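These notes concern the structure reproduced below.
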Amino acid sequence: IPGGGGGGGGKGGKAPGKPGDWHCRNCGNMNFADRAFCNMRKCEAPRVLEDWVCHACGNKNFFDRAVCNMRKCQAPRTDVDPKVAIELASKGYGKGGLGKGRRF
């Protein structure tokens, strides 16, 4: 559509997000799945991750793991892009870091 605006995004957007997209718990902004931090400049809060169950072996893993901790499995998590968990951990969010607990 010539001159048409973009699709719905952010708080006021009406278009549903794609699988893996997430809403910031601080400001409500819709973020793409591959973002580790909210993209609102005033917010920039880290993404909150939850414990997850491995799709391959059924093992329950802590929220800050990018791959299953079962030695025979090591499957990557599928609920979140593993790069997101790695980026957050590398910046000190997670166990014993700035985020303390699930504040990922």
Side-chain angles (χ1 to χ4, degrees):
I1 300 174
K11 281 198 246 182
K14 294 183 180 180
K18 294 181 179 178
D21 288 352
W22 57 282
H23 284 92
C24 176
R25 291 188 180 180
N26 287 355
C27 71
N29 182 55
M30 170 73 87
N31 293 280
F32 293 128
D34 63 348
R35 293 192 185 276
F37 295 87
C38 179
N39 71 333
M40 290 293 286
R41 288 186 182 165
K42 294 179 183 178
C43 182
E44 296 181 344
R47 184 173 184 167
V48 177
L49 297 180
E50 301 292 333
D51 291 346
W52 58 282
V53 176
C54 177
H55 66 91
C57 71
N59 182 57
K60 185 171 182 180
N61 292 279
F62 291 119
F63 67 98
D64 57 346
R65 295 193 181 276
V67 298
C68 180
N69 72 332
M70 292 296 285
R71 290 183 192 174
K72 294 179 182 179
C73 183
Q74 298 290 305
R77 69 186 299 164
T78 57
D79 63 330
V80 174
D81 186 334
K83 290 182 245 175
V84 170
I86 292 167
E87 180 180 355
L88 289 166
S90 73
K91 294 186 178 180
Y93 291 91
K95 292 180 184 173
L98 301 171
K100 304 219 179 187
R102 297 203 182 332
R103 192 69 206 177
F104 227 175

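Small disclaimer: the values here were computed from a predicted structure and weren't measured.
Pairs of residues two or more places apart, or lying in two chains, never qualify as ring-ring contact (aromatic ring centres under 6.0 Å, His included) while including a residue from residues 39-60.
E50 approaches V48 most closely through the heavy-atom pair OE2-CG1, 4.0 Å. For V53 against G58, the heavy-atom pair with the smallest separation is CG1-O, 3.6 Å.
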Identify all side-chain donor-acceptor contacts of residues 66-74 below 3.5 Å with residues at least two apart in sequence or on another chain.
{"from": "N69", "atom 1": "OD1", "to": "N59", "atom 2": "ND2", "distance (Å)": "2.5"}
{"from": "Q74", "atom 1": "NE2", "to": "C68", "atom 2": "O", "distance (Å)": "3.2"}
{"from": "Q74", "atom 1": "NE2", "to": "M70", "atom 2": "O", "distance (Å)": "3.3"}

Between side-chain atoms of residues 31-45 and protein atoms elsewhere (two or more places apart, or another chain), which donor-acceptor pairs fall under 3.5 Å?
{"from": "N31", "atom 1": "OD1", "to": "N29", "atom 2": "ND2", "distance (Å)": "3.2"}
{"from": "N31", "atom 1": "OD1", "to": "N39", "atom 2": "N", "distance (Å)": "2.9"}
{"from": "N31", "atom 1": "ND2", "to": "N29", "atom 2": "O", "distance (Å)": "3.1"}
{"from": "N39", "atom 1": "OD1", "to": "N29", "atom 2": "ND2", "distance (Å)": "2.5"}

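Here the straight-line distance linking atom CG of D51 with atom NZ of K60 works out to 5.0 Å at 0.5 Å rounding.
Formation of a donor-acceptor pair under 3.5 Å by the R77 side chain with backbone atoms of D64 is not found in this model.
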